[in-house]
Each structure stands twice: as structure tokens, then as C-alpha cells.
Protein chains: 2
Amino acid sequence: MKQTRNTTAKTEILDLISQSEVALSHSEIQSALDGLCDRVTIYRVLNRLVEEDLVHKVVNTDGGVKYASCHSCATTHNHNHIHFSCQKCKSVTCLENVEPSFKLPKKYKVSEVNFTVSGICPKCS
Amino acid sequence: MKQTRNTTAKTEILDLISQSEVALSHSEIQSALDGLCDRVTIYRVLNRLVEEDLVHKVVNTDGGVKYASCHSCATTHNHNHIHFSCQKCKSVTCLENVEPSFKLPKKYKVSEVNFTVSGICPKCS
DNA sequence: CTTATTTTTGCAACAATGTTGCATTAAGTA
DNA sequence: TACTTAATGCAACATTGTTGCAAAAATAAG
């Protein structure tokens, strides 16, 4: 099994995501890092962080991909909460306390879930 | 207000999507049309169809975008049902009868919803 | 501290997906 | 039939993500 190393890029990117209130996209991270590392490295670090369950990947209703770190990332690894995507300020937020409920026909085997709700967030309304 | 026209491309694309059991991606539609029209036209037609509420756009957990027409497209324009994305056969299906329930804090105004569940579909299990 | 090993990085190149401007074509209407 | 305007095709561009490979950096061992 491959082991992972703690590099500057990884630390910086994880810090950025952890300290952000909202989910961050690759390009947002890139401009925040301001040339610290290559574009490709950011992709690779993000993939590693997701694999190691340190952050989770959020796909919003537009198809845009963002990355977020939430409380459950540090504990239960349960990322099946709702994400809210604000149409005004474009922010994506984890609503950790909102657990959606649904019932699928028995024959479906669920392994992953992505629940995104779009609208206007409290700050913008 | 701009009005819309019924062109060959639009008719063909809508037919394709309507007659398909599963949601279709831009590239799937493109190869099905087999050169009937330009790549760009497909993008533009798909956007129009979504605006006119004739089909709906589904974003799966990978960030891939697909288009589907379901019963509710023809009636209530309620696209807030669950979509199931099979990790094996890569198909995306509307589960029209499954209505998820959730409660957001009052301050959030909801206008759109995208619920996608990944796993293994009945055919593949 | 130095060396050895293996992961990460940077760079370049590529692939997929989506957008825009503009001249031409075609749909709907009078 | 002719007119008006939406829709198309083409070319070019933008964004997002991936891959191969040599060079650099991080851990482990001596």
C-alpha cells in the first residue's frame, strides 16, 4: 500500500479548505495559492485529500465541482448531508445537520449520495 | 419575448431523449445523431429544451451532465425527484416516484434541487 | 548528517466539455 | 412569395481535467 507524504502543497490546500466557510473550487484554490504550486499538482492533491477522506467533493446543480471540509470529515466520514448552493453569491455550503430521508426500491444498492439544493442563502436574502 | 422554432435538430434531439430509458449526455446524443448537426447546435438545443422545461438536466456525482425527459416534464414541471447513477453501467435513471424529504433552516430559499444517488442498479446487481 | 528509496512536483502535451462571434440558412408569418 | 428573425455551421477560444516523464522533495535507514 502506497503511503502518503505531507508536502507544502498538501498542507496549504487542506488549510485553505478547512478554514473556509464555503466549499472551494479548483480555480478558487489556485488563485488563493498564488503560484505556490502547479495547476496539475492542485488536482492531484485534491484527489489525494478526497481519497484520504480529509475533504469531500461536492457537485453543484450547474455541474461545478467544489471541495469542502466539514466536521463529519474529521469524524464519521458521512458526507451524505445536504449542500446548499446560492444562486446569488455562488457559495456552496455544507448543511451538516440536515439529513435527507428517502426510500429507494429494494433492488438499488446505494453507495454514495449527492444532495444539492439551489436557491438564496441567508446572507443574500 | 423571443419565440422558439421547431427545427429538425430540436425535434430529433427531443425524440432521442424522450424515447430513452436513461438520461443521455451530450456526447451520447452527438453520436446517436451521427452528424445530423453540429456539436455546438446540440449544446444550444439542449439549453433551449431545458429552458422550455421539455427536458431536465441531471448532474451526477462525478460532475457529468446528462439530460432526461420524464413524465413530470410533461405535466407538473417538478424535477425534484431522485436520480440514480449506476457505477457499473454508467446509466442515469429518474426515480420519479421517490420524493426525498428534508428540512432546511428557515432562512434558506429553495428554488431547485438535485438529488443523485450512486450505486448499483437492478440490472447490474 | 548522509545516502537511498519512493512519493510529489513541474512541465508539456493532450482530451473533453462548453462558449462566443459572425455570416449563412431556414422557420414561421404576413 | 417575400420578409423577419431564430437557428445553424464553422472557427476559434475558454475551462476543466488527465497523462507521461524527468527532476525535486520527503521519509526511512545507515
Side-chain angles (χ1 to χ4, degrees), chain A residues 1-17 23-68 85 87 90 92 114 116 118, chain B residues 1-17 23-68 85 87 90 92 114 116 118:
Chain A
M1 161 126 87
K2 243 191 198 178
Q3 46 186 342
T4 175
R5 294 178 183 182
N6 282 327
T7 64
T8 320
K10 185 179 168 186
T11 311
E12 287 294 323
I13 293 173
L14 182 54
D15 276 4
L16 264 179
I17 297 174
L24 299 175
S25 67
H26 172 274
S27 64
E28 286 165 339
I29 292 169
Q30 185 176 4
S31 44
L33 289 179
D34 196 32
L36 174 90
C37 67
D38 195 71
R39 216 170 60 82
V40 179
T41 301
I42 301 176
Y43 279 113
R44 294 199 261 227
V45 169
L46 287 173
N47 289 338
R48 253 181 289 153
L49 290 175
V50 169
E51 266 182 21
E52 293 171 31
D53 270 315
L54 293 172
V55 304
H56 65 278
K57 195 173 174 178
V58 188
V59 178
N60 68 21
T61 34
D62 308 320
V65 174
K66 301 209 170 193
Y67 297 87
S85 172
Q87 294 168 326
K90 305 293 174 192
V92 174
N114 194 291
T116 308
S118 301
Chain B
M1 162 126 85
K2 243 191 201 178
Q3 45 185 341
T4 175
R5 293 178 184 181
N6 283 325
T7 63
T8 320
K10 185 179 168 187
T11 310
E12 287 293 323
I13 293 173
L14 182 53
D15 276 3
L16 263 179
I17 297 174
L24 298 175
S25 68
H26 172 274
S27 64
E28 286 165 339
I29 292 169
Q30 185 176 4
S31 46
L33 289 179
D34 194 33
L36 174 90
C37 68
D38 195 73
R39 216 169 61 83
V40 180
T41 301
I42 301 176
Y43 280 113
R44 295 197 262 228
V45 169
L46 287 173
N47 289 338
R48 253 181 289 151
L49 290 176
V50 169
E51 266 182 20
E52 293 170 32
D53 270 316
L54 294 173
V55 305
H56 65 278
K57 194 174 173 178
V58 188
V59 178
N60 68 22
T61 35
D62 308 320
V65 174
K66 301 210 169 191
Y67 298 87
S85 172
Q87 294 168 326
K90 304 293 175 191
V92 175
N114 195 291
T116 309
S118 301

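In what follows, every heavy atom counts, from backbone to side chain, and hydrogens, waters and symmetry copies are set aside. By convention in this document, chain letters (A, B, ...) are assigned in the order of the sequence lines, proteins followed by strands, and residues within each chain are numbered from 1.
- Side-chain atoms of B/Glu28 and B/Ser25 include a donor-acceptor pair closer than 3.5 Å.
- Rounded to a whole Å, the CG atom of A/Asn6 is 12 Å from the C1' atom of C/dT8.
- When side chains are defined from C-beta on, B/Lys10 counts as touching B/Glu52, because their heavy atoms get closer than 4.5 Å.
- Taking atom CG of A/Leu33 as the reference point, atom P of C/dG10 lies 10 Å away to the nearest angstrom.
- Checked against the 6.0 Å centroid criterion, the rings of A/Tyr67 and A/His56 do not qualify as a close aromatic pair.
- Along DNA chain C, the nucleotide closest to A/Val45 and the one closest to B/Thr4 are compared, and the more 5′ of them pairs with A/Val45.
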**OP:** Quick one, give me the B/S/- string for nucleotides 13-25 of chain D, reading 5' to 3', where B means a protein heavy atom under 4.0 Å from the base and S means that only happens at the primed atoms, P, OP1 or OP2.
**Re:** ---BBBBB----B
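- For the pair B/Ile29 CD1 and C/dG18 P, the computed distance is 11 Å after rounding to whole Å.
- Residue B/Leu36 is in sugar-phosphate contact alone, with no base atom involved, counting any heavy-atom pair closer than 4.0 Å across all strands shown.
- Going from atom CG of B/Asp38 over to atom P of C/dT19 covers 14 Å, rounded to whole Å.
- Counting to the nearest Å, the P atom of D/dT8 and the NZ atom of B/Lys10 are 9 Å from each other.
- We find that CG of B/Leu46 is positioned 13 Å from C1' of C/dT17, with the value rounded to whole Å.
- Residues B/Val59 and A/Thr61 fail the side-chain proximity criterion, which asks for heavy atoms closer than 4.5 Å.
- Looking only at side-chain heavy atoms (C-beta outward), B/Gln30 and B/Ile42 come within less than 4.5 Å of each other.
- We find that CD of B/Gln3 is positioned 9 Å from P of D/dA7, with the value rounded to whole Å.
- Within the 4.5 Å cutoff, side-chain heavy atoms of A/Leu46 are placed close to those of A/Ile29.
- With rounding to whole Å, B/Arg48 atom CZ is found 15 Å from C/dT19 atom C1'.
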